[in-house]
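Contents: one structure, followed by commentary.
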Amino acid sequence: MARDILLKTLSALRGIPRILGLCLLIAGGNSVSVQAETSTAATETLGPQQTISVQIGRWDSVDEVFVPFNAIAGSYQINANGTVSLPLIGSVQATGRTPDELGTELSQRLQDRMGLRSDVQTIVIILEFAPIYVLGDVKAPGTYPHVPGMTVLQALSLSGGINRASSALVRGERNSVNALGNYRVMELDQIRRLARLARLEAEEEGKDIDVPPELAASPLGAELIEQEREIMVSQQSAFASNLAQIEELEALLLERIARLQQQADLRQRQLSLLNEELENAASLVERGLSTVSRESDLQRAVTDQQVRLLEVETAQLSAEQQLSEARRDRLDLTNQRDRERVQGLQEQRAAIAELGVKMETEAALFAEAERTGNGLVELSALTSLTLQITRTGPDGSITFVVGRNDQITGGDVLEVVLTRPGPNGAIPVRRLSPETVGTVTPDEPSSSTKTQPATGLPPS
C-alpha cells in the first residue's frame with residue numbers, strides 16, 4: 001500500500017518541465033532512489049548561473065503518506081561563486097557536482113539539522129543552463145540559452161551566422177559630390193573669416209579696412225567687407241559714447257571736489273575765528289568781565305562748525321572715491337576692447353589655417369573619388385575567420401582558439417573575428433562606371449575634369 005501511494009505522488013511530479021522522474025521505494029524504514037528515465041541533464045555538472053528545481057520531502061511511515069517540504073522546495077539559481085542558498089539548509093557548494101550528488105548533500109544536511117529518523121528524499125533538476133555569449137562579426141550578437149553538447153557551429157547558427165558581406169559598393173561619384181559640397185561650405189566660411197580678420201586688423205592699426213586679394217576675387221567679397229565696415233563703425237561709436245559718458249562723469253566729479261574743497265576752506269576759517277573768540281570770552285569770564293553763558297554759546301558754535309567741516313570733508317572723500325572708480329572704468333573699457341580685438345585676431349587666424357587644411361583634405365578626397373568612380377569590392381576573399389572562446393574558471397579567465405565542431409559550455413564567451421586587409425593592402429575593385437581621368441581632349445573639357453590647379457576642384 002505504501003508503494004502505491006508513493007508511486008501516485010511521484011507520478012504527479014513528472015509534469016514539471018525537464019524533470020527526470022525518480023521512483024522512491026520505501027521498505028523496512030530504508031529508502032532507495034531509482035532513476036525512472038535517463039536524461040543528459042541528470043549527469044550534467046552543475047555550474048554558476050544555472051537555475052535548478054529542488055523537490056524535497058520524506059515518507060511518514062505512521063500515516064503512510066509522503067510529506068513534501070514546500071517551504072524549501074522551489075527554483076533556485078546557482079550564484080557566481082558556485083553556491084546555492086536554501087531555507088533551513090543554508091549555503092551549499094553546487095559547482096562541480098551532479099544533480100544527484102547535490103540532492104544527496106541537501107537531504108543529509110536537512111536530516112541532520114531537523115533530527116529526522118526517516119530518510120529525506122531530494123530531487124534536483126536543472127531547469128535552465130548558464131547562457132552563452134556570442135559577439136564579434138556575427139549578424140545578431142547577444143546572449144543565448146545553452147544546452148548540453150552544444151557546439152560552436154550551433155552557437156553561430158543561434159546568432160544568425162557570420163556577418164560576412166560578399167561585396168561592397170564603392171560610390172565614387174556620390175563621394176565626389178559630398179567632398180565638393182563640403183569644400184564649398186568651407187570656402188564660404190573662409191571668406192567670411194577673412195573679412196572679419198581684415199576688420200580686426202584695421203581696428204588694430206586704426207585705419208580703414210583693406211580688402212584682401214582672396215575677397216577681391218570673390219563675388220561676395222564686396223558685400224562682406226561692407227558688412228564688416230558697418231560693424232566697425234557701430235563698435236567705434238559705442239566705444240566713443242561709453243568713453244564720453246565716463247569722461248563727463250569725471251569732469252562733474254572734479255568740479256564737485258573743487259567746490260567741496262572751497263567749502264572746507266571756508267568752514268576751517270570760520271572755525272579758527274570762533275576758537276579765537278572763545279579764548280577771549282574765557283579770559284573775560286576769568287576776570288569777571290563776561291558771563292558764563294556767553295562762553296557756553298561760543299563752545300556750542302565751535303562744536304557745530306567742527307561737525308559741518310567733518311561733513312564737507314566726508315563728502316569730498318566720497319567724490320574722490322567716485323572719481324577713482326570712473327577712471328578705473330575708463331581703463332577697463334579700453335583694456336577690454338584691446339583684449340577682445342587681440343583674441344579675435346588669434347581666433348580668426350587659427351580658424352582660417354584650420355579651414356585651409358580641411359579644404360586641402362576635401363580636395364584630395366574629391367580627386368580620389370573622381371579617379372575611382374563607381375565599382376564593387378569583393379570582400380569574401382579579403383577576410384579570414386578566427387573563433388575563440390573566453391572561459392572563466394576558479395583560477396580566472398582563459399582565452400583559446402576553437403573550431404566549428406568543438407563543444408561550448410555554459411558561461412562561455414564566443415568571439416568571432418574576421419581579419420581584413422590593412423590600410424596598405426591592395427583591394428581589387430570591379431569598376432561599374434568608366435574612368436574619366438585622361439579621356440577628355442583639350443578642346444572639349446568635361447565638367448568632371450575642370451579643376452582648379454591648387455585644389456583639384458571645379459571652379460565656383
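- A pairwise comparison of heavy atoms in Ala326 and Leu253 identifies CB-CD1, 4.5 Å as the closest pair.
- Looking at heavy atoms from C-beta onward, Leu414 lies out of side-chain contact with Leu135 at the 4.5 angstrom threshold.
- Heavy atoms only, all atoms of each residue included: Gly403 and Leu387 are closest at C-CD1, 4.3 Å.
- Nearest heavy-atom pair across Val152 and Ile389 is CG2-CD1, 4.2 Å.
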Please test Ser75 against Leu127 for side chain to side chain contact (heavy atoms under 4.5 Å, CB included), starting from the C-alpha separation and ending with a verdict.
CA-CA 8 Å; Ser75 300; Leu127 296 180; 3.4 Å; yes

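- Two residues are said to be in side-chain contact when any heavy atoms from C-beta on lie closer than 4.5 Å; Gln55 and Thr122 fail this criterion.
- With sequence neighbours left out, Gln93 forms a side chain to side chain donor-acceptor pair (under 3.5 Å) with no residue at all.
- The nearest pair of heavy atoms linking Ala155 to Val134 is O-CG2, 4.2 Å.
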Worked verdict on Thr51 versus Tyr76 for side chain to side chain contact (heavy atoms under 4.5 Å, CB included)
CA-CA 6 Å; Thr51 301; Tyr76 299 92; over 6 Å; no

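- Using a 4.5 Å heavy-atom threshold, the side chains of Val84 and Ser91 count as separate.
- The side-chain heavy atoms of Thr291 and Val285, taken from C-beta on, include no pair separated by under 4.5 Å.
- Not a single donor-acceptor pair under 3.5 Å links the side chain of Ser283 to the backbone N or O of Asn280.
- One distance of note links CG of Asp297 with CZ of Arg294; it measures 7.0 Å at 0.5 Å rounding.
- Without hydrogens or angle criteria, Asp406 side chain to Val402 main chain gives no donor-acceptor distance under 3.5 Å.
- Summarising the geometry, atom CE belonging to Met232 is positioned 4.5 Å from atom CD1 belonging to Ile209; distances are rounded to the nearest 0.5 Å.
- Between Thr409 and Asp412, the side chains place a donor N or O and an acceptor N or O closer than 3.5 Å (distance only, hydrogens not considered).
- Asn81 places a side-chain N or O within donor-acceptor distance of the main-chain N or O of Thr83, the cut-off being under 3.5 Å.
- For the residue pair Val147 and Phe129, the shortest heavy atom distance occurs at CA-CD1, 4.5 Å.
- A donor-acceptor contact shorter than 3.5 Å is absent between the side chain of Arg196 and the backbone of Gln348.
- Atom CZ of Arg391 is surrounded by more than 12 heavy atoms from other residues, nucleotides or ligands within 6.0 Å.
- Looking only at distances, a side-chain donor or acceptor of Thr314 sits under 3.5 Å from a matching main-chain atom of Leu310.
- Between the side chain of Gln305 and the main chain of Val302, no donor-acceptor pair closer than 3.5 Å is present.
- Under 3.5 Å, the side chains of Gln316 and Gln261 contain a donor-acceptor pair of N or O atoms.
- Other residues, nucleotides and ligands contribute more than 12 heavy atoms inside 6.0 Å of the CD atom of Gln236.
- Partner of Ile225 under the side chain to side chain contact (heavy atoms under 4.5 Å, CB included) criterion, out of Val211, Asp210, Leu220: Val211 alone.
- For the pair Thr95 (side chain) and Gly82 (backbone), a donor-acceptor distance under 3.5 Å is present.
- Side-chain atoms of Ser324 do not come within 3.5 Å of backbone N or O of Glu320 as any donor-acceptor pair.
- A salt bridge does not link Arg300 to Asp304: none of the charged side-chain nitrogens sits closer than 4.0 Å to a carboxylate oxygen.
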Check step by step if salt bridge (charged side-chain N to carboxylate O under 4.0 Å, His left out) holds for Glu214 and Arg193.
CA-CA 11 Å; Glu214 298 86 352; Arg193 292 184 179 275; over 6 Å; no

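- With respect to Glu247 and Arg327, no salt bridge is recorded, no charged nitrogen being found less than 4.0 Å from a carboxylate O.
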Between Gln227 and Leu224, is the side chain to side chain contact (heavy atoms under 4.5 Å, CB included) condition met? List the steps.
CA-CA 5 Å; Gln227 292 177 359; Leu224 293 175; 3.9 Å; yes

Side-chain donor-acceptor contacts of residues 337-345 below 3.5 Å, not counting sequence neighbours, with atom names and distances?
residue: Asp338; atom: OD1; partner: Arg341; partner atom: NH2; Å: 2.6
residue: Glu340; atom: OE2; partner: Gln336; partner atom: NE2; Å: 3.1
residue: Arg341; atom: NE; partner: Glu204; partner atom: OE1; Å: 2.9

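- Using modelled atom types, one side-chain atom of Ser157 and one backbone atom of Gln154 make a donor-acceptor pair closer than 3.5 Å.
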Candidate pair Glu201 and Lys207, rule salt bridge (charged side-chain N to carboxylate O under 4.0 Å, His left out), full reasoning:
CA-CA 9 Å; Glu201 290 177 347; Lys207 63 179 183 179; over 6 Å; no

Run the numbers on Thr392 and Ser397 for side-chain hydrogen bond (donor to acceptor under 3.5 Å, both in side chains), then give the verdict.
CA-CA 4 Å; Thr392 302; Ser397 300; 3.1 Å; yes

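- Between Lys358 and Glu354 a salt bridge is recorded (basic side-chain N to carboxylate O distance below 4.0 Å).
- Judged purely by distance below 3.5 Å, without hydrogens or angles, the side chains of Asn275 and Glu279 never pair a donor atom with an acceptor atom.
- Side-chain contact between Arg330 and Glu250 is present, with at least one heavy-atom pair separated by less than 4.5 Å.
- Going from atom CG of Leu252 over to atom CG of Leu254 covers 9.0 Å, rounded to the nearest 0.5 Å.
- Inter-residue side-chain proximity for Arg199 and Ile231 is flagged as met; some heavy-atom pair is nearer than 4.5 Å.
- The two residues Pro131 and Thr143 come nearest to each other via the heavy atoms CB-CG2, 3.5 Å.
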For Leu102 and Thr98, run side chain to side chain contact (heavy atoms under 4.5 Å, CB included): C-alpha distance rounded to whole Å, both residues' side-chain angles, the deciding distance at 0.1 Å, then the answer.
CA-CA 6 Å; Leu102 179 60; Thr98 64; over 6 Å; no

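- In this structure, Arg267 does not pair ionically with Glu311, as no charged nitrogen and carboxylate oxygen lie closer than 4.0 Å.
- At most 12 non-hydrogen atoms from other residues, nucleotides or ligands lie less than 6.0 angstrom from CZ of Arg256.
- Counting heavy atoms from C-beta outward, Ile78 and Gln49 have side chains that stay 4.5 Å or more apart.
- Using a 4.5 Å heavy-atom threshold, the side chains of Ser218 and Ile191 count as touching.
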